[in-house]
Chemist: 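Quick one: the structure is below, and I'll ask about it shortly.
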Amino acid sequence: MTSTTPRAVVTGASSGIGAATVRRLRHDGWDVVAVARRADRLAALAAETGAEAFPADLTVDEDVARLAAHVEATGGLTALVNNAGGAFGLDPVETSSIDDWRRMYEVNVLGTLRVTQALLPALRAGGGGDVLVVTSTAADGAYEGGAGYTGVKHAERMLATTLRWEIVGEPIRVIQIAPGAVATEEFALVRFGGDAERAAKVYEGYQPLVADDVADTIAWALSRPPHVNIDLLVVRPRAQASNTKTARE
């Protein structure tokens, strides 16, 4: 089954930037396969937007293989939005949790690798398309307590950059969107193990980005003419000059 309607797979779609991207692409007329672990949230998002819910854990090879087979059997693919990821902990190198680092590498780096490898054939079969990777300004430099997260986001950036070099000449664009501080319902809360007060302080005294801002950027990048590649787009709040310098009231 094929369609002239563009079709995207969006990972990490159950909340935050992923959910906002699903909403925006559906608004723009895309068919969307929304992928995340939490089936209940995906079902609610699908009911709201008309997207297709596909529960899957991107750290599990069998789940990713199911996703690839489903995409191939139900209409192919125009764009893959690799958004799934997250930060766990903000501890010094000396005392940080190896388990937290392992989780970050599994989700941010190996999850992106698995899904990209699995869905490149679908993009090629459809005559080309886009691999968009949501990285982070954390890939730009170090900050205290951030070695695990900056490390995985730099690795994810290198994955995307190297892929573009390796497949140059094919009709597949590789796009990176690197957000700065984005206030979503879960990112900081997850990072700080559910400590709502500590999470809220991250965004105090200035206006951070919200998920819709990043979704708008993603939709814009995907909508460029086919000969235009957005290699890397950094988007920050106006108040944020760098990872460690933010103007607060």
Chemist: Within the distance-only criterion (no hydrogens, no angle test), does the side chain of Tyr143 pair as donor or acceptor with the backbone N or O of Thr150 below 3.5 angstrom?
Modeler: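 Flag not set: sc Tyr143 to bb Thr150 has no pair under 3.5 Å.
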Chemist: Can you name the side-chain contact (heavy atoms from CB on, under 4.5 Å) partners of Thr59, sequence neighbours left out?
Modeler: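 Listed in chain order: Asp57, Glu106, Val107, Arg114.
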Chemist: For Arg164, check side-chain contact (heavy atoms from CB on, under 4.5 Å) against everything at least two apart and list the hits.
Modeler: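 With neighbours one apart ignored, the set is Val174, Asn229, Asp231.
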Chemist: Does the pair Glu204/Arg248 count as a salt bridge with the N-to-O cut at 4.0 Å?
Modeler: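 No, Glu204 and Arg248 are not salt-bridged.
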Chemist: Counting neighbours of CD on Gln207 that are heavy atoms of other residues, nucleotides or ligands and sit closer than 6.0 Å, is the number greater than 12?
Modeler: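 Result for CD/Gln207: open.
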Chemist: Just jot down the side chain to side chain donor-acceptor pair (under 3.5 Å) partners of Thr78, sequence neighbours excluded, or say none.
Modeler: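 Expected list: none.
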Chemist: Look at the side chain of Thr217 and the backbone N and O of Asp213, then say whether any donor-acceptor pair between them is shorter than 3.5 Å.
Modeler: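 Yes, because the side chain of Thr217 sits within donor-acceptor range (under 3.5 Å) of the backbone of Asp213.
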Chemist: Considering only heavy atoms from C-beta outward, does the side chain of Leu222 approach that of Val81 to under 4.5 Å?
Modeler: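 Yes. Closest side-chain heavy atoms under 4.5 Å.
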Chemist: Can you confirm whether Gln176 sits close enough to Leu233 that some side-chain heavy atom of one is under 4.5 Å from a side-chain heavy atom of the other?
Modeler: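 No, every pair of side-chain atoms sits at 4.5 Å or beyond.
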Chemist: Decide yes or no for Val10 and Val35: does some side-chain heavy atom of the first lie under 4.5 Å from some side-chain heavy atom of the second?
Modeler: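 Val10 vs Val35: side chains apart.
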Chemist: Going by salt bridge (charged side-chain N to carboxylate O under 4.0 Å, His left out), name the residues that satisfy it together with Arg66, two or more places apart in sequence or in a different chain.
Modeler: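 Here the qualifying residues are Asp63.
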Chemist: Are Val33 and Leu25 connected into the same hydrophobic cluster when the rule is that any two of I, L, V, M, F, W, Y join if their side-chain heavy atoms are below 4.5 Å apart?
Modeler: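 No; Val33 is not reachable from Leu25 via cluster members.
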Chemist: Between Glu48 and Arg23, does at least one N-O distance fall below 4.0 Å, as a salt bridge requires?
Modeler: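 Yes, charged N to carboxylate O under 4.0 Å.
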Chemist: Answer yes or no: is there a donor N or O on one side and an acceptor on the other, between the side chain of Ser97 and the main chain of Asp100, under 3.5 Å?
Modeler: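 Such a contact is found between Ser97 side chain and Asp100 backbone.
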Chemist: Are the side chains of Leu120 and Leu163 in touch, meaning some heavy atoms are under 4.5 Å apart?
Modeler: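 Touching, per the 4.5 Å side-chain cut-off.
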Chemist: Do the side chain of Arg37 and the main chain of Leu58 share a donor and acceptor less than 3.5 angstrom apart?
Modeler: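 Absent.
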Chemist: When rounded to the nearest 0.5 angstrom, what distance separates CG in Leu45 from CG in Asp40?
Modeler: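 One gets 11.5 Å once the value is rounded to the nearest 0.5 Å.
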Chemist: When you check the gap from the basic side-chain N to the acidic O, do Arg7 and Glu52 get nearer than 4.0 Å?
Modeler: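 Yes.
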Chemist: Check for me, please, whether Ile175 and Val131 land in the same ILVMFWY cluster - side-chain distances under 4.5 Å, paths through other members count.
Modeler: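 No, Ile175 and Val131 fall in different hydrophobic clusters.
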Chemist: Sequence neighbours excluded, which residues qualify as ring pair (Phe, Tyr, Trp, His ring centres under 6.0 Å) partners of Tyr105?
Modeler: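 If we apply the ring pair (Phe, Tyr, Trp, His ring centres under 6.0 Å) test to Tyr105, skipping adjacent residues, there are no hits.
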Chemist: Which pairs pass ring-ring contact (aromatic ring centres under 6.0 Å, His included) with one or both residues in residues 34-57, sequence neighbours excluded?
Modeler: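 Pairs touching residues 34-57 that pass the test: Phe54-His70.
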Chemist: Quick one: ring pair (Phe, Tyr, Trp, His ring centres under 6.0 Å) partners of His27, sequence neighbours excluded?
Modeler: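 For His27 there are no ring pair (Phe, Tyr, Trp, His ring centres under 6.0 Å) partners, ignoring immediate neighbours.
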Chemist: Distance only, no hydrogens: is a donor on one side chain within 3.5 Å (strictly under) of an acceptor on the other, for Thr49 and Arg26?
Modeler: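 Note: Thr49 and Arg26 side chains miss the donor-acceptor criterion.
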Chemist: Would you say the side chain of Gln240 lies within less than 4.5 Å of the side chain of Pro208, judging by non-hydrogen atoms?
Modeler: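 No, their side chains stay 4.5 Å or more apart.
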Chemist: Scan residues 139-152 for pairs that pass salt bridge (Lys or Arg N to Asp or Glu O under 4.0 Å), counting only residues two or more places apart or in two chains.
Modeler: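 Found Asp140-Arg157, Asp140-Arg236.
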Chemist: Kindly write out the residues that satisfy side chain to side chain donor-acceptor pair (under 3.5 Å) with Thr112, not counting sequence neighbours, or none if the list is empty.
Modeler: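 Partners of Thr112 under the side chain to side chain donor-acceptor pair (under 3.5 Å) test: Glu156.
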Chemist: Under the side chain to side chain donor-acceptor pair (under 3.5 Å) test, which residues partner Asp99, sequence neighbours left out?
Modeler: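 So Asp99 forms a side chain to side chain donor-acceptor pair (under 3.5 Å) with Arg102.
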Chemist: Not counting sequence neighbours, which residues clear side-chain contact (heavy atoms from CB on, under 4.5 Å) with Asp216? List them please.
Modeler: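 Result, side-chain contact (heavy atoms from CB on, under 4.5 Å) vs Asp216: Arg24.
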Chemist: For Thr116 and Asn82, test the side chains for any donor-to-acceptor distance below 3.5 angstrom and give the result as yes or no.
Modeler: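 Distance-only check passes for Thr116 and Asn82.
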Chemist: With sequence neighbours excluded, what pairs up with Leu113 under the side-chain contact (heavy atoms from CB on, under 4.5 Å) test?
Modeler: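 Testing Leu113 for side-chain contact (heavy atoms from CB on, under 4.5 Å), a comparison that skips the adjacent residues, returns Leu110, Gln117, Leu159.
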Chemist: Between Asn83 and Val134, is there a donor-acceptor pair closer than 3.5 Å when you use the side chain of the first and the backbone of the second?
Modeler: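 Such a contact is absent between Asn83 side chain and Val134 backbone.
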Chemist: Please examine the side chains of Leu132 and Leu80, heavy atoms only from C-beta on, and report whether any two atoms are closer than 4.5 Å.
Modeler: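 A side-chain contact is absent here, since even the closest heavy-atom pair is not under 4.5 Å.
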Chemist: Are side-chain N/O atoms of Asp31 and Thr5 paired as donor and acceptor at under 3.5 Å?
Modeler: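 No, no side-chain donor-acceptor pair sits under 3.5 Å.
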Chemist: Taking the side chain as everything from C-beta on, heavy atoms only, tell me whether Arg124 gets closer than 4.5 Å to Ile167.
Modeler: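 Yes; the side chains approach each other to less than 4.5 Å.
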